[in-house]
Amino acid sequence: MASAGRVVLVTGVSRDLGRRFARAAAAHPNVDRVIGVDVVPPGGDIGGMSFVRADIRNPVIAKVIAKEDVDTVVHLSIISTPLVGGGRSMMKELNVIGTMQLLAACQKSATVKSLVVKSTAHVYGASSRDPAMFTETSETRRAGGGYAKDVAEIEGYVRGFARRRPDVCVTTLRCANVIGPKVTSPMTSYLRLPLIPRRLGYDPRLQFLHEHDLYGALGHVLRSEVAGTFNLAGDGVMPLSQVVRRLQRPMLPVPSFGLGLLKSAHVAQVSPELRALLTFGRGIDTTRTREVLGFEPTYSTAAALDDFAQDLVPTGGRVDRALATLEAQLPSVRAQHALQESLDG
């Protein structure tokens, strides 16, 4: 995971992804200590992680870094949807102001030597004018509001920090939608719906990143210390129609406003960014991640989807399942027929 003596601070450990990564990092023999930071304690097993209740929007985070002699910061606390009772203004404050305070604390620190930021492919946006595949040099979009705009601002501040502190290895991972059997997110909530709506006339291309590959990539970054921005996703893209078939769920074509109704009906959190993705789709090129960063995900997009679906109860596709059952029985039927012919002959 890292060189001997590493002291790692992980933000956002109240959510499962942050907690699981921090727990795994704490168990690695080459990491001395892991300090998890969030405004509320994490649930579940935290392993060898030490938890510090702290708000990264507050300058007190600098005192935590100094007191613990932190040399590695992994920033996982950028949120994609407003918190319950918070709203968009609170979300922006947590994302942008929180990151600015964290970067200011890192800039003052004499011990921090590595910064890893989990970003998102939503920074590219999704529209009818998109290239077939986005690369890390593709233009990112600040237009509109919400999560994607927050991330574009955050990445700008991270690049500024990297220029001011060239002695710090700064790595940004632009992740595709993370999925897994235990992952809870706007995308996984949408895919778990018993009836999946699809915008009428569109069949967007989707890419997924398995949660284990996210943990693997974060660990690889800490080991390799390669600076830069990297797209991270499983190999391959899948149209939404194929995704739904693999999940064995019925699909309902809806008009343009139909996806937005999921949020108002409290069925699923479909943000503007996710709504655009579920209309136009997106593909990100991961060549640079493989060739420069030296990391290749274990799970393809299809394999990640299959693992996500392993505990889902099918709600549709009865005809497909019946045909699959019949197809599985065909070899034995053929064998019995051949045996009967040989006996008759």
Side-chain angles (χ1 to χ4, degrees), residues 15-17 78-84 88 91 118 120-127 130 144-148 150-151 174-211 213-214 232-234 236-284 299-317:
R15 290 187 295 276
D16 281 346
L17 286 176
I78 303 170
I79 60 174
S80 59
T81 56
L83 299 175
V84 176
R88 170 61 191 140
M91 175 182 171
K118 177 189 174 295
T120 173
H122 282 307
V123 76
Y124 296 118
S127 76
D130 290 347
Y147 179 46
D150 287 356
V151 175
R174 288 178 178 162
C175 302
N177 289 94
V178 179
I179 64 174
K182 298 180 181 179
V183 174
T184 300
S185 69
M187 175 60 84
T188 59
S189 296
Y190 168 78
L191 294 177
R192 288 188 176 105
L193 291 173
L195 176 64
I196 296 183
R198 185 185 82 182
R199 184 171 174 183
L200 190 64
Y202 293 86
D203 196 10
R205 299 172 303 135
L206 302 177
Q207 271 178 303
F208 299 119
L209 173 67
H210 195 283
E211 60 175 315
D213 285 325
L214 171 60
L232 185 59
V237 296
M238 297 179 68
L240 178 58
S241 58
Q242 186 178 347
V243 168
V244 174
R245 282 197 299 272
R246 291 178 85 106
L247 295 178
Q248 298 186 58
R249 269 150 161 65
M251 188 161 49
L252 176 66
V254 297
S256 58
F257 60 83
L259 293 175
L261 293 178
L262 293 175
K263 181 177 180 180
S264 59
H266 304 288
V267 174
Q269 281 278 5
V270 181
S271 64
E273 293 80 19
L274 183 56
R275 191 156 60 242
L277 177 64
L278 294 175
T279 300
F280 301 106
R282 180 174 53 238
I284 58 174
Y299 289 80
S300 65
T301 286
L305 181 70
D306 290 343
D307 191 56
F308 164 77
Q310 64 178 332
D311 295 329
L312 292 183
V313 177
T315 58

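Index from 1, following the sequence.
Annotation: side-chain hydrogen bond (donor to acceptor under 3.5 Å, both in side chains) contacts of D306 (sequence neighbours excluded): R246. Residues satisfying the salt bridge (Lys or Arg N to Asp or Glu O under 4.0 Å) criterion with D307, sequence neighbours excluded, are absent altogether.
A side-chain donor-acceptor contact under 3.5 Å links T188 to the backbone of V183. Q207 places no side-chain N or O within donor-acceptor distance of the main-chain N or O of A233, the cut-off being under 3.5 Å. Checking side-chain atoms of Y124 against main-chain N and O of D130 turns up no donor-acceptor pair under 3.5 Å.
Within the 4.5 Å cutoff, the side chain of V151 has heavy atoms near those of the I78 side chain. You'll find the side chain of H210 stays beyond 4.5 Å of the side chain of I179, heavy atoms only. Considering only heavy atoms from C-beta on, P181 comes within 4.5 Å of D311 through its side chain. Residues M238 and L305 are in side-chain contact: their nearest non-hydrogen atoms beyond the backbone lie under 4.5 Å apart.
Note: N177 CG to F208 CZ = 6.5 Å, rounded to the nearest 0.5 Å. Taking CZ of R205 as the reference point, atom OG1 of T301 lies at 11.0 Å (rounded to 0.5 Å). Here the CD-CG distance, from E211 to D16, works out to 8.5 Å after rounding to the nearest 0.5 Å. Distance check: I284 CD1 to C175 SG gives 8.0 Å after rounding to the nearest 0.5 Å. To the nearest 0.5 angstrom, L214 atom CG is 6.5 Å from L232 atom CG. For the atom pair CE of M187 and CD of E273, the computed distance is 12.0 Å after rounding to the nearest 0.5 Å.
For the residue pair S185 and V178, the shortest heavy atom distance occurs at OG-O, 4.1 Å. Minimum interatomic distance between L247 and A309 (heavy atoms only, all atoms of both residues): CD2-CB, 3.5 Å. In terms of heavy atoms, P253 sits closest to L200 at CB-CD1, 3.5 Å. Here the closest non-hydrogen pair linking P204 and T279 is CB-O, 3.9 Å.
Taking the six-membered ring where tryptophan is involved, the planes of Y147 and H122 are perpendicular, since the angle between them exceeds 60° and thus also 30°.
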Take L206 and V237 through the side-chain contact (heavy atoms from CB on, under 4.5 Å) test and state the conclusion after the steps.
CA-CA 5 Å; L206 302 177; V237 296; over 6 Å; no
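Applying the salt bridge (charged side-chain N to carboxylate O under 4.0 Å, His left out) definition to pairs two or more places apart or across chains, those involving residues 174-201 are E155-R174, R198-D203.
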